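Below is one structure, written out as C-alpha cells, with a few remarks after it.
Along the sequence shown, the residues carry numbers beginning at 1. Keep in mind that what you see is a predicted model, and the values were worked out from it rather than measured.
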Amino acid sequence: MHISTKCSVAIHCLIFIYEYGEKQKVTSDLLSLSTGSNPVTIRNIISSLKKDGIISVKFGTGGTTLNCPLHEITLYRVCKAIEPGFISKLFGIHSLPSPLCPIGKNIRNVLDCSYQKIGNDLCESLKNITMKDIVSDYHDIQRKAD
C-alpha cells in the first residue's frame, strides 16, 4: 500500500501555516526549509491545497494562510487534494496473469472486491481524522519534549 509522501509534506505545511501564519509570512521557501522538500514540490502542494480551498495565498507579497477551521480539514480531503486518485493507486494487481488459468482470468475481479472494501474503510478512517486532531497531537508531543 502506498500514500505518497506529498500527503505527509502537505500535512507538515498545514501545521506550519497554522502555527506561524498569523505571526509571519509563510512562503514556499520557508516551508521548503521546514519540510526539507524542494521549493517546486512545495509550490505544487500549495497550489493543490489552494485549489481545494484549504488555504489562501496572497498575491504579490506572498504568504499563505488557512482558509477554513482545522476541524473542517480531514486527512481524506488533504490526500484527495494532493493526489486525486490516491485510492486507486493503493493496490497493484500483477499485469499479466494467464487468461488460460481459471484463477488468472478472474484474479482482477476477485481482488477488486476485497480491495474496494479496504479502500472504503481507509477513506472512512481518513475522513474521521482532522487537522485539529493532528495539531493537538503535535502540541502534546511538543509539551512532552520540553
Side-chain heavy-atom pair Leu30, Lys25 within 4.5 angstrom cut-off: no
Give a yes or no on whether Ile82 and Leu90 share a hydrophobic cluster (residues Ile, Leu, Val, Met, Phe, Trp, Tyr; joining criterion: side-chain heavy atoms under 4.5 Å apart). yes
Thr35 and Ile42, any side-chain heavy atoms less than 4.5 Å apart: yes
So CD1 of Ile54 and CG of Leu14: to nearest 0.5 Å the spacing works out to 6.5 Å
Heavy-atom donor-acceptor pair, Ser32 side chain to Ser37 backbone, under 3.5 Å: yes
When you check the gap from the basic side-chain N to the acidic O, do Glu83 and Lys89 get nearer than 4.0 Å? yes
Less than 4.5 Å apart, any side-chain heavy atom of Leu111 and any of Phe91? no
Heavy-atom check, side chain of Arg43 versus side chain of Asp29, under 4.5 Å: yes
Please check: side-chain N/O of Asn67 versus main-chain N/O of Gly53, any donor-acceptor pairing under 3.5 Å? yes
Thr64 vs Thr27 side-chain heavy atoms within contact, under 4.5 Å: no
Taking the side chain as everything from C-beta on, heavy atoms only, tell me whether Ile103 gets closer than 4.5 Å to Val110. no
Where Phe86 and Lys80 come nearest, the two heavy atoms and their spacing: CE2-N, 3.8 Å
Would one find more than 12 heavy atoms of other residues, nucleotides or ligands at under 6.0 Å from atom CD of Glu22? no
Taking only distance into account, with no hydrogens and no angle test, what donor-acceptor pairs under 3.5 Å do side-chain atoms of residues 113-131 form with protein atoms, sequence neighbours excluded?
unit_1, atom_1, unit_2, atom_2, d
Gln116, NE2, Asn120, OD1, 3.0
Asn120, ND2, Gln116, O, 3.4
Ser125, OG, Asp121, O, 3.2
Asn128, ND2, Glu124, O, 2.9
Thr130, OG1, Lys132, N, 3.3
Thr130, OG1, Asp133, N, 3.3
Thr130, OG1, Asp133, OD2, 3.2

I want to check something: taking the side chain as every heavy atom from C-beta on, are Arg108 and His94 in contact at a cut-off of under 4.5 Å? no
By ring-ring contact (aromatic ring centres under 6.0 Å, His included), which residues pair with Tyr20, not counting sequence neighbours? Phe16
